[in-house]
Amino acid sequence: MPPRIDLRSDTVTQPTPAMREAMARARVGDDVFGEDPTVHELEALAASIFGKEAGLFVTSGTQGNLVSLLAHCNRGEEVIMGHDSHTYNYEQMGAATLGGIAPRIVPNQPDGTLRLEDIEAAIMPDDPHFAVTRLISLENTHNRCRGAYLTPAYTRAVADLAHRHGLKLHIDGARIFNAAVAQNVDVQELTGDADSVTFCLSKGLSAPVGSVVVGSRDFIARARRMRKVLGGGMRQAGVIAAAGIIALTEMVDRLAEDHANARRLADGLARLPGIEPEPVYTNIVYFRVRHPRYTAATLQEALLARGVGVLALGPDRIRAVTHYGIETSHIEETLDIFEMLL
Ligand SMILES: *Cc1c(COP(=O)(O)O)cnc(C)c1O
């Protein structure tokens with residue numbers, strides 16, 4: 001049984017009633033034959049929202065990043081990414097395992113950025129001693145960097161740097177709509193200069209399954225081949241794509257509520273003894289546990305016993321994520337439970 005107030009992740013969101021209805025009614029066909037009209041609709045909608053030529057419905061954010069790296073890079077080539085990036089830490093480095101693609105790691109700054117000088121220094125010169133650098137991968141919002149967002153100006157600067165050196169830019173935009181809503185900008189301002197973007201339908205946007213990759217027609221054609229070899233060719237996938245269409249049309253603007261609730265949670269935690277919240281940017285709240293009676297693990301356990309789910313991600317660090325289904329009243333109740341425990 002999941003906790004009653006589940007702040008472990010925004011992946012726990014349940015499909016909305018409108019999604020359930022759209023799923024039941026969806027027109028479907030064999031998508032490996034290119035015959036699922038609902039998948040086509042979702043891919044075209046995603047491409048138009050991002051101002052790209054084409055889209056590809058994939059099973060997960062992990063698969064979206066993997067097909068993107070495989071479509072951009074040949075074996076033996078390198079991708080520059082941050083040491084704290086999701087792709088480096090939480091995706092079994094599939095591009096290396098399955099594609100012979102090596103990560104070249106540069107340090108993430110606390111705000112999720114990579115310094116331009118560090119990126120530039122990580123690009124290998126054209127010399128037979130070195131692997132060929134092919135790609136830069138950014139993450140927006142940045143999961144391990146407290147849900148921090150990258151700005152349009154920063155993204156443009158990295159894209160310019162990449163293109164000046166003949167590299168491509170991929171954005172792991174699992175939560176790119178959180179980044180857009182938090183800055184009150186169109187998502188294209190955050191992705192227009194990138195060569196490919198992956199974003200998740202199944203996190204804050206509340207769809208049950210799936211992510212989408214967008215990019216040029218040629219890139220998406222290569223990514224589609226990679227999806228198939230990974231076993232990601234789905235048949236009557238319109239049943240789940242239908243929920244993704246609702247995610248994109250009805251669930252983006254409300255992310256602002258999640259950001260307000262995250263702030264409310266952090267503000268409340270800051271008033272409690274032995275709890276030190278870190279800065280909050282979007283829907284992710286990290287806090288340190290510096291309490292005589294609790295470690296992160298034992299506080300997680302005590303909260304769980306009272307129906308509140310959080311994730312201990314280190315000996316003294318906990319993460320809580322707000323999302324659809326978490327109301328302001330849940331935040332207040334959570335703070336009451338914290339107060340009682342501490
Ligand atoms: C969740 C996440 C992913 C992977 O998505 P899954 O659908 O869980 O595979 C990739 N990147 C970031 C930044 C994420 O937060």
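Note that the structure is predicted; figures quoted are calculated from it, not measured. Numbering of ligands and ligand atoms starts at 1, following listing order.
- With salt bridges taken as basic N to acidic carboxylate O contacts below 4.0 Å, one links Glu43 and Arg224.
- Residues with a heavy atom under 4.0 Å from ligand 1: Ser60, Gly61, Thr62, Asn65, His86, Glu91, Glu139, Asn143, Asp172, Ala174, Arg175, Cys200, Lys203.
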Could you pull out all donor-acceptor pairs under 3.5 Å where a side-chain atom in residues 252-260 meets a protein atom, sequence neighbours excluded?
{"from": "Arg254", "atom 1": "NH1", "to": "Asp258", "atom 2": "OD2", "distance (Å)": "3.2"}
{"from": "Arg254", "atom 1": "NH2", "to": "Asp258", "atom 2": "OD1", "distance (Å)": "2.7"}
{"from": "His259", "atom 1": "NE2", "to": "Asn178", "atom 2": "ND2", "distance (Å)": "3.0"}

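- A ring-centre distance under 6.0 Å is found for His72 and Phe219.
- Asp31 has a carboxylate O that lies under 4.0 Å from a charged side-chain N of Arg227, or vice versa, which qualifies the two as a salt bridge.
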Practice problem: Determine, step by step, whether Phe338 and Phe287 satisfy the ring pair (Phe, Tyr, Trp, His ring centres under 6.0 Å) criterion, reporting the C-alpha distance in whole Å, the side-chain angles of both residues, the deciding distance to 0.1 Å, and the verdict. | Solution: CA-CA 13 Å; Phe338 265 94; Phe287 55 92; 5.8 Å; yes

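- No salt bridge links Asp10 with Lys203; every basic N to acidic carboxylate O contact stays at or beyond 4.0 Å.
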